[in-house]
Amino acid sequence: MLKAIYGTKDVLPKDVEKWNFLESTIKNIFASFNYKEIRTPLLEETGLFSRSIGEETDIVSKEMYTFQDRSETSITLRPEMTASVVRAFLEHSLSSQSSLNKLFYIAAMFRQERPQAGRFRQFHQFGAEVLGSSSPLLDAEIIILAYTILKSLGLVDITVKINSLGITSSRKVYLEILKEYLESHLNELSEESRKRFEKNVLRIFDSKFENDIQIMKDAPKLIDHLDDESKQEFQVVQNILRSEQIPFLLDSSLVRGLDYYSKTTFEIVSDKVGSQSALCGGGRYDGLIELLGGTPNYGVGFAAGIERILLALQNEKTKLPDNSSLDLYVVLLNKELLNEYYLFATALRKNHLKVEIDYLSRSVKAQMREANKLRAKFVALFGGEEYAENKVVLKNMGTSVQQVLPLENADKEILLSVGS
RNA sequence: GUGAGUAUAGCUCAGUUGGUUAGAGUACCAGGUUGUGGCCCUGGGGGUCAUGGGUUCGAGCCCCAUUACUCACCCCA
């Protein structure tokens, strides 16, 4: 049997409704914060991602869908959106049209990882990128925005974790201090942590080995080595979050995996999605625009995983709105009146009623059962005795009350009844 | 890339120490007196028991391989 590609999923009609609810909620909230939607191609030149995300990161070194097109250009299906948005920002000189650009997206991403709960090879993210300001107000706004959206989608049990990585130069100094400390404990560290020592020292803070945790307890903390500017701005962010009554935890082990982050980083987690607890992650990336060849400028943003949010909602047993009902089901009593039947229903559809009819020549009972299954508010019984008198029967499926209407103004009567 | 687990109807799953024509629930279809839903009742269709080999008189069940999927590690949304 033909199957969807490993790690990709069909979204069937009953689930599309949930996606639509999510997407419209997300768009409404972005609109209220005055963010503008941006859409970029799924495909980019591979170099865009290797330069921005970082050659050494897992995403670039082992997770990208990369191939050569016919002109032997190396093409990659986007594994994340920030690089593409910044590329579009530079390509179209958006900064010269407006000194601040607040952008959002809802889009598919691709990473060639082993799928598991809350992780897919094609997955969907919504997110925001604000380009053009270093104001910590925006760091806070991004967090508030992400939190507000998740809450509005119905999530209850979520936690905001924040950290500051400082500016690149102060972080470099700190990393040397940390390495110096760890070198004296290198033999006691787990093998995994020793690998991290080479690749990404900060990750050792995430280690699950008891011995590592003990060692890291006494390690110098990034937060104590922040440059003054980062320190002060981080306070501003925290103050705003407090006055907005957004609960958060300081988490010094929060090191966003991509190379381009600086200063504020944050994550929103849920323990309802299996081991992949991050629903949302983001932060500031002030060096990225310059890195991609633009004149130096500021950026801050976040990305959230739609599949993970749906999973969390499902596991929190949140009921999503269900609009799958039907205004009217038209039952055909006399099969010889098929043409008239079809025209009758079509006329009602032109009045923007949600109308369904029988296409399968089924018995009246079967049609009624179908109407019930589709949760039709009303059923019109077309044909039969009433038709001979130019009339049609309208039944209210909630109250079971029936009335007989003249055909010539049946559409108006039905509109009145269904509308009420 | 590493590790563990699972595979029987569209879906969720039973299937005894290996023993006749492989079951249930649900979904689907049809009926339960003329042209009326929900609840209920009756009946029906639907399975190469993932695939290929092996052991055996006999395999859904035991063994091996393959494939697919799931979960976890790494990392991330």
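Here is the naming used below: chain letters follow the sequence lines, and residue numbers restart at 1 for every chain. Source: prediction; values computed, not measured.
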Would you mind classifying the nucleic acid contact of A:Lys62 as base, sugar-phosphate or nothing, using non-hydrogen atoms under 4.0 angstrom?
base
Which of B:rG1, B:rG35, B:rU36 is nearest the side chain of A:Leu333? It is B:rG35
_Phosphate OP1/OP2 of B:rG38 contacted by A:Arg375 side-chain N/O (<4.0 Å)_ = no
For this session: Check the pair A:Lys395 / A:Ser400 against side chain to side chain contact (heavy atoms under 4.5 Å, CB included), numbers first and verdict last.
Result: CA-CA 6 Å; A:Lys395 176 168 187 171; A:Ser400 294; 4.2 Å; yes
Self-check item: Exercise: do A:Tyr65 and A:Gln122 side chains pair donor with acceptor under 3.5 Å
Solution: no
query = How far, in whole Å, is B:rC49 from B:rA14 if one measures between their C1' atoms?
reply = 13 Å
Against the side chain of A:Arg119, the closest entry in B:rG35, B:rC76, B:rU70 is B:rC76
Notebook entry, point to check: Heavy atoms under 4.0 Å, any strand shown: does A:Gly384 hit a base, just sugar-phosphate, or nothing?
Noted result: base
Between A:Ser164 and the options A:Thr265, A:Leu222, A:Asp139, A:Leu226, the side-chain contact (heavy atoms from CB on, under 4.5 Å) test singles out A:Leu226
* Has A:Gln116 got a side-chain N or O lying under 4.0 Å from the OP1 or OP2 atom of B:rU70? -> no
Is there a side-chain contact between A:Gln367 and the phosphate of B:rG37, meaning an N or O under 4.0 Å from OP1 or OP2?
no
Notebook entry, point to check: Using a cut-off of 4.0 Å on non-hydrogen atoms, how would the nucleic acid contact of A:Val393 be classed: base, sugar-phosphate, or nothing?
Noted result: base
Considering only heavy side-chain atoms of A:Arg308, the closest of B:rU36, B:rC76, B:rC71 is B:rC76
Note to self: Taking any heavy-atom pair under 4.0 Å as a contact, classify A:Arg362: base, sugar-phosphate, or nothing.
What the structure shows: sugar-phosphate
Requested in this report: Between B:rA4 and B:rU56, how far apart are the P atoms? Round to whole Å, please.
Outcome: 30 Å
With heavy atoms under 4.0 Å as the rule, sort A:Lys9 into base, sugar-phosphate or nothing.
sugar-phosphate
**A:Asp224 atom CG, over 12 foreign heavy atoms within 6.0 Å** = yes
> Is there a donor on the side chain of A:Ser400 or the base of B:rG38 sitting less than 3.5 Å from an acceptor on the other?
Replying inline: yes
